[in-house]
> 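Have a look at this one before I ask anything.
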Amino acid sequence: MPPSRPRLTLAACSATMQYDHTAIEGKWQQAWRERNTYRVDQDFTRPKFYVLDMFPYPSGAGLHVGHPLGYIASDIVARYKRHKGFHVLHPMGYDAFGLPAEQYAIQTGQHPATTTEVNAARYREQLDRIGFSFDWDREVRTSDPDYYKWTQWIFLQLFDSWYDPRADQARPISELIARFETEGCRGQDASVLTGDIEEFVGEFTAAEWKAFDERTRQMVLQHFRLAYLSEAWVNWCPALGTVLANDEVKDGVSERGGHPVERKRMPQWSLRITAYAQRLLDGLEGLAWSESLKEAQRNWIGRSEGASVRFPVGDDFIEVFTTRPDTLFGVTFLTLAPEHVLVGKYTTDAQRAEVEAYVKQAKNRSERERQAEVDRITGVFTGSFAKHPFTGEDVPIWVGDYVLAGYGTGAVMAVPGGDQRDWRFAKHFGLPIIAVTDGADIDKEADERKDATICSEGFLKGLKVPEAIRRAIDELEKLGAGEGRVNFRLRDAAFGRQRYWGEPIPIYYEDDIPRPVDVADLPVRLPEIDKYQPTETGEPPLARAKDWTYKGFPLETTTMPGWAGSSWYFLRYMDPGNTERFASEEAVKYWGPVDLYVGGSEHATGHLLYFRFWTKFLYDRGWLPFDEPAKKLVNQGMIQGVSKKAYALAVVSHSTVAIDAESRLIDTKQLPLVLVPKRVYDSWAELSEADRDAIGNVESMLREVGLERCPGASGYVTATSSFEFHVDIQLVDDKSNELDIDGFRASRPDHANAILLEDGPYVTVNEVDKMSKRWMNVVNPDDIIARYGADTLRLYEMFLGPLEQSKPWDTHGIEGTYRFLRKFWNLFHTGNSGVEPVASTHRVDHDSFLVTDDTPTKAELKVLHATLKKVEEDIERMSFNTSVSQFMIATNELGALKCTKRAVLEPLVVALAPFAPHIAEELWEQLGHAESVTTAPWPAHDPQYLVEDSFSYPISFNGKTRLQLEFPATLGKEEVEAAVLADPEVQKRLEGKPPKKVIVVPKRIVNIVV
RNA sequence: GCCCGGGUGGUGGAAUGGUAGACACGAGGGACUUAAAAUCCCUUGGCCUUGCGGCCGUGCGGGUUCAAGUCCCGCCCCGGGCACCA
């Protein structure tokens, strides 16, 4: 069967036809490129399957073996689905905006786009070498203006939308304006989510709305827009002129440079994700995502039911949220967050100095610190009192930093008898504590039980908690002092960054009123600037741009956060070249939503929440026909690194006397590093005499070394303890763990004089850590591929264990999968199989290639079909490690059967193709096919070949297996029982006594109870 | 503290309530070879036994069942997420 197109040749193929991964993989990667094997067309008629990977940020470090794990799994599914006849979309791109490129730009002046380009090219090279079936024509990069044009467009859609509580969906802002013009703003509409705190906009009539000036109208609308500008609390660092993220602040100073940081309220762009809280929660129900991930999102959204209660203060009131309105009669004080807007208003003159001082210091503690230091109870009395809505009694108003400004209303009604935090605050400041529940021991702690009976005086006394909650809410509503309410922990997302390397926000300011850039003028391109740092006046880098204006008005200078572009990229892959729309209606309708999404669990509450939020929003506004982006999601586990640890003496030097020079301390850094065995490190407290002597010897030797370096000083050197440290895995022999001492000395200047406590090889100790540069345990896939090939790498990553589980990378084990591929190859070749060509052989052009058209035996067909069945089932449940095992079993068994038959081997090539595409293509071609193996239909297993004639029953006594008896598979329960009991060996074990009971599970087991 | 995962040989791991340890690594022994590489074969959970065989064994303690790694109850340990959330 001659191929229909010229065949590429395998230059490195020798006559004996050994498995040569380098030649095969090079040949096929080139062929795939040239033949566009993985191009996905716009045929919208076939059944589709969309397999998506979380795209990477192209960092300068390149890929390590942990990165491609998920990509390999998804690639197997993509290829498998293609064999199954699906039209498969399996794209890849880059999350190209990000901090590292910007930091690098600040240091070197190199444009982040250049760095990104270089890094992406390196990623591409590495990815290509692994043999993925990505359609690179569909690559997206978030930093590409043709891409971020649509990110900006979506932002403008958000800006142009509000969340209509009546329709429970996002609507155009024009509809809100129309409503204001006819109905004004009243009741529920007037109380809207502004993200941080429930805020009352204020009611107005239609006539009043019409009388508002433009500025006022726009201010009002800001309270409703889904992308809005508002005052928000930020970590402001005046010295750096920038806002810092929570993790960039430590102990009130910036992590970089140690400059003071203060909490400051600044205008910030935010997205009103809180409007979607309930739908984001409800939508989780139908998703095939892992339970732990869904749980993480539920926790993050943090829905709680309760009531809002208003405590009158003079002619105003303080509103609190509580989940326990049943404890209202136990309220003994109110606590406001230090940031609460009413703190100033309710502070009496007598208390003002104290309160202001407290607020100032509390505000400047970062949120993280405030949350970490639970034991530090601080607060101050404002001097004012509120009225209890039920009893009318005075309730003192305190300020305490245990109350968070960003949750609920930023104020709590304190019930020390029922809430432990309130209890501790009350104890600390000597405030009264009222028992609210029967059986509470309020001298010891608050009683937070939710199944108790209320005992505090009032109309709730004697009621069970759930009933008391309902009753309390009824009363509050009757009095107009509050109502039932649902509260969420989720906060609106800050959307502005004081950075250069991100999407410009397409907003300009006309007399300080934010206005959207016309859609026709998108994208707003990132300007060229001279330096990538904030300006001298503390403005973001974009303020450096010349003429950063639109229609003569200043443009917004902050840029979007990293997650903007990744919130919708899955849509762009569907139609990446579209200039009219983010993706065509047909493409979106056909390809969406994603059928399988694979990525790391670290994105559980960041990316994956925004990703769902944007999808729901675009759905609301009619741009998408679905409102969840990914039906199924799988988190791949982390591949950990095995690091090598060494141990050394911690050496201290002292100088005592100086004869003819000034007294000098020998710098311990100048002393050689003394490597000691782990034994010494472990048993430092009780060292053996031999070890102590050895250390003593080294000390005296060190003393001389030290003194040589400090002429005139006489001192002594002592080893006070030992410490552990990581050494580069490159310097350690994989098998023996012996350290390459010379290499170690050459690796760093301060290791140059390293010496050993004991003669002989130095043996390091394994430890499993995260794979990272820091632990010097990074394994590069390029090295693995050079040695074993991409197919081996792919198989091994899958073979390592269940996809979702974290597991350490151990290069040793790879030999097994490499051996498997060679054995598989040898099934098709005479090279090393020991099978000599015979006369009937149908030979295909390579010398050693030997596959016959003989009729396979029953045993051979059984191996084949058992494998096809197992592999298909395993791919469907993403259990790739077990499918690799099955291939190994099949290969071992067919090898033992000396099977060289096409009818058996050919289907196996197709089944293996998703896992090891290069070797499969090569064998497929050698089998005489002109078309790529990727076009072959999936070989279905035929159950008839798996039917067993007989079954070997394990015979157990009281559940313990004692012997095996083989019976025809057709035998029924009773027949098996009879046959078993007739067996002499069984009789012998029964010792003539009749069995109590005999359980026969056909084709499984026989259990005899005696 | 709360919420999710997970604990099985020297190692990675396998096992619809039905023969625990598949497959692979490592280790030991052997064949082929002048040798090496490659390949192939055997052994490999622990203890007892010359052998046949026996006893124990899936973190710990109970329970359900003819039968439990698997189901239920109570603990311990490890990993991850959340956390003054009112």
> Given that both distances must come in under 3.5 Å, which nucleotide forms a Watson-Crick or G-U wobble pair with rU70(B)?
none
> Where the side chain of Ile1005(A) is concerned, which of rC84(B), rU19(B), rC66(B) is the nearest nucleotide?
rU19(B)
> Now, which nucleotide makes the Watson-Crick or G-U wobble pair with rC75(B), with each of the two distances under 3.5 Å?
rG59(B)
> Around atom NZ of Lys862(A), are there more than 12 heavy atoms of other residues, nucleotides or ligands at under 6.0 Å?
no
> If you pin Glu291(A) and Ile999(A) to their nearest nucleotides in RNA chain B, which one's is more 5'?
Glu291(A)
> State the pairing partner of rC40(B); accept Watson-Crick or G-U wobble contacts with both distances under 3.5 Å, and report none otherwise.
rG30(B)
> Going by purine N1 to pyrimidine N3 plus the second Watson-Crick contact, or the G-U wobble pair, all under 3.5 Å, which nucleotide sits opposite rG1(B)?
rC82(B)
> Check for me whether the distance between the ring centres of Phe951(A) and Phe967(A) falls short of 6.0 Å.
no
> When the nearest nucleotide of RNA chain B is assigned to Arg877(A) and to Asn958(A) on a heavy-atom basis, which residue is associated with the more 5' position?
Arg877(A)
> Kindly write out the residues that satisfy side-chain contact (heavy atoms from CB on, under 4.5 Å) with Arg819(A), not counting sequence neighbours, or none if the list is empty.
Glu815(A), Arg822(A)
> Does Asn777(A) have any side-chain hydrogen bond (donor to acceptor under 3.5 Å, both in side chains) partners at least two apart in sequence or in another chain, and if so, which?
none
> Assign Val1001(A) to base, sugar-phosphate, or nothing according to its heavy-atom contacts below 4.0 angstrom with the strands shown.
base
> Any strand counts, and the cut-off is 3.5 Å on both contacts for Watson-Crick or G-U wobble. Which nucleotide pairs with rU11(B)?
rA24(B)
> So if I define the base as every atom that isn't primed, P, OP1 or OP2, how would nucleotides 20-26 of chain B read as a B/S/- string at a heavy-atom cutoff under 4.0 Å?
--BBSS-
> If I pick the P atom on rU58(B) and the same atom on rG69(B), what distance separates them, to the nearest angstrom?
7 Å
